[in-house]
Amino acid sequence: MNARVSIQTQDFDLSAEVVRLREQDKRVGAICTFVGTVRDRNDGQSISTMELEHYPGMTEKSIEAMIDEAFKRFDIYAARVIHRVGLLQPLDQIVLVAVTSAHRGESFQACEFLMDYLKTQAPFWKKEQTPEGARWVDARVSDDAALAKWGIQSQNA
């Protein structure tokens with residue numbers, strides 16, 4: 001069985017990840033993927049780099065728990081989350097969420113659920129380098145609101 005969660009410094013290959021998720025599972029009729037990239041702007045300021053830190057072991061356990069919750073809520077076959085850490089540049093891929101199911105609706109919902117959960121609950125710390133210096137990125141109210149639509153109260157609220 002392939003790992004459901006990877007926290008890594010190296011980039012990932014979207015096509016290869018999709019192939020691994022669906023290979024030898026003839027039930028799969030839908031694959032929904034989300035790839036997040038580093039932007040060159042945030043809150044009106046230019047960003048030259050973003051550095052991500054995490055707590056090894058705790059981060060993977062947290063994401064595994066959110067994948068377990070997605071399996072309870074949605075009729076899905078497989079899920080894969082890759083999140084990069086370390087120093088990243090604008091346009092670098094930062095996160096992959098991929099979900100398989102029989103039909104698109106369940107895949108779309110589970111993918112959105114996992115991403116909403118990742119944005120608010122996964123233990124990552126992000127530091128952006130701006131022209132004014134480094135700053136830590138706080139959770140957004142809009143991310144908490146996105147999580148609330150699933151009936152989950154953010155730990156940040």
Side-chain angles (χ1 to χ4, degrees), residues 1-39 41-43 50-86 88 91-128 136-157:
M1 182 173 172
N2 294 321
R4 300 189 311 177
V5 177
S6 294
I7 309 299
Q8 60 193 47
T9 55
Q10 71 270 25
D11 200 4
F12 54 85
D13 180 335
L14 174 61
S15 296
E17 293 298 331
V18 168
V19 166
R20 275 194 285 279
L21 261 182
R22 63 180 283 228
E23 66 186 355
Q24 299 178 14
D25 190 346
K26 294 179 181 177
R27 303 172 300 162
V28 173
I31 302 165
C32 183
T33 61
F34 172 85
V35 174
T37 59
V38 178
R39 294 182 305 267
R41 300 195 68 71
N42 189 21
D43 292 334
M50 177 182 282
E51 188 170 3
L52 282 98
E53 298 178 4
H54 78 297
Y55 191 151
M58 183 174 82
T59 304
E60 292 87 345
K61 184 177 179 181
S62 171
I63 297 171
E64 284 286 352
M66 93 176 67
I67 291 173
D68 289 343
E69 183 63 26
F71 272 92
K72 291 176 190 170
R73 290 172 177 248
F74 310 102
D75 187 14
I76 59 177
Y77 299 143
R80 176 90 165 112
V81 173
I82 299 174
H83 208 297
R84 294 182 65 197
V85 293
L88 300 171
L91 299 179
D92 283 351
Q93 297 183 125
I94 189 171
V95 63
L96 166 69
V97 175
V99 179
T100 66
S101 66
H103 304 285
R104 70 181 182 271
E106 295 290 314
S107 285
F108 276 122
Q109 285 186 302
C111 192
E112 184 177 18
F113 169 80
L114 288 169
M115 197 58 226
D116 288 346
Y117 201 105
L118 268 172
K119 287 289 288 184
T120 59
Q121 305 302 300
F124 289 101
W125 295 270
K126 298 177 184 177
K127 184 170 42 172
E128 297 173 332
W136 292 98
V137 179
D138 291 326
R140 291 185 167 89
V141 172
S142 60
D143 292 334
D144 291 338
L147 186 64
K149 78 180 174 197
W150 303 106
I152 300 172
Q153 181 69 30
S154 172
Q155 296 168 359
N156 303 316

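- When atom types are taken as modelled, the side chain of Thr100 and the backbone of Ala78 share a donor-acceptor pair closer than 3.5 angstrom.
- Smallest separation of non-hydrogen atoms from Phe12 and Ile94: CE2-C, 4.4 Å.
- Side-chain contact between Lys72 and Glu69 is present, with at least one heavy-atom pair separated by less than 4.5 Å.
- Rounding to the nearest 0.5 Å places CD of Gln109 at 10.5 Å from SG of Cys32.
- Between Thr33 and Val97, every side-chain heavy-atom pair lies at or beyond the 4.5 Å cut-off.
- For Glu51 (side chain) and Lys127 (main-chain N/O), no donor-acceptor pair under 3.5 Å exists by modelled atom type.
- Here the closest heavy-atom approach between residue Val99 and residue Leu21 is recorded as N-CD1, 4.3 Å.
- In this structure, Gln121 CD and Lys119 NZ are separated by 12.5 Å, a value rounded to the nearest 0.5 Å.
- Annotation: the span from Asp92 atom CG to Met50 atom CE amounts to 10.5 Å, rounded to 0.5 Å.
- Here salt bridge (Lys or Arg N to Asp or Glu O under 4.0 Å) pairs that include residues 52-65, with residues two or more places apart or in two chains, are Arg4-Glu64.
- Side-chain contact check for Asn42 versus Glu128: some heavy-atom pair is nearer than 4.5 Å.
- Here the shortest heavy-atom pairing between Met66 and Phe113 reads O-CE2, 3.8 Å.
- Nearest heavy atoms, Ile67 versus Val81: CD1-CG2, 4.0 Å.
- Taking the charged nitrogens against the carboxylate oxygens, Arg80 and Glu17 do have a contact shorter than 4.0 Å, which makes a salt bridge.
- For the pair Tyr77 and Asp25, the tightest heavy-atom approach, listed with the atom from each and the gap, is CB-OD2, 3.9 Å.
- Looking only at side-chain heavy atoms (C-beta outward), Trp125 and Tyr55 come within less than 4.5 Å of each other.
- Arg84 contributes no side-chain N or O that, together with a main-chain N or O of Ile7, makes up a donor-acceptor pair within less than 3.5 Å.
- Residues passing the side chain to side chain donor-acceptor pair (under 3.5 Å) test with Ser107 are Ser101, sequence neighbours excluded.
- Residues Leu118 and Phe34 are not in side-chain contact: their nearest non-hydrogen atoms beyond the backbone lie 4.5 Å or more apart.
- Note that the SG atom of Cys111 and the CD1 atom of Ile31 stand 11.5 Å from one another [nearest 0.5 Å].
- The minimum heavy-atom distance between Ile76 and Phe71, with the atom names listed, is O-CE2, 3.4 Å.
- Judged purely by atom type and a 3.5 angstrom limit, Thr59 uses its side chain to pair as donor or acceptor with the backbone of Pro123.
- Distance check, rounded to the nearest 0.5 Å: OG of Ser62 to OH of Tyr117 gives 5.5 Å.
- Residue Thr37 holds its OG1 atom at 8.0 Å from CD of Gln93, rounded to the nearest 0.5 Å.
- Side chains of Val35 and Val95 form no contact here, defined as non-hydrogen atoms less than 4.5 Å apart.
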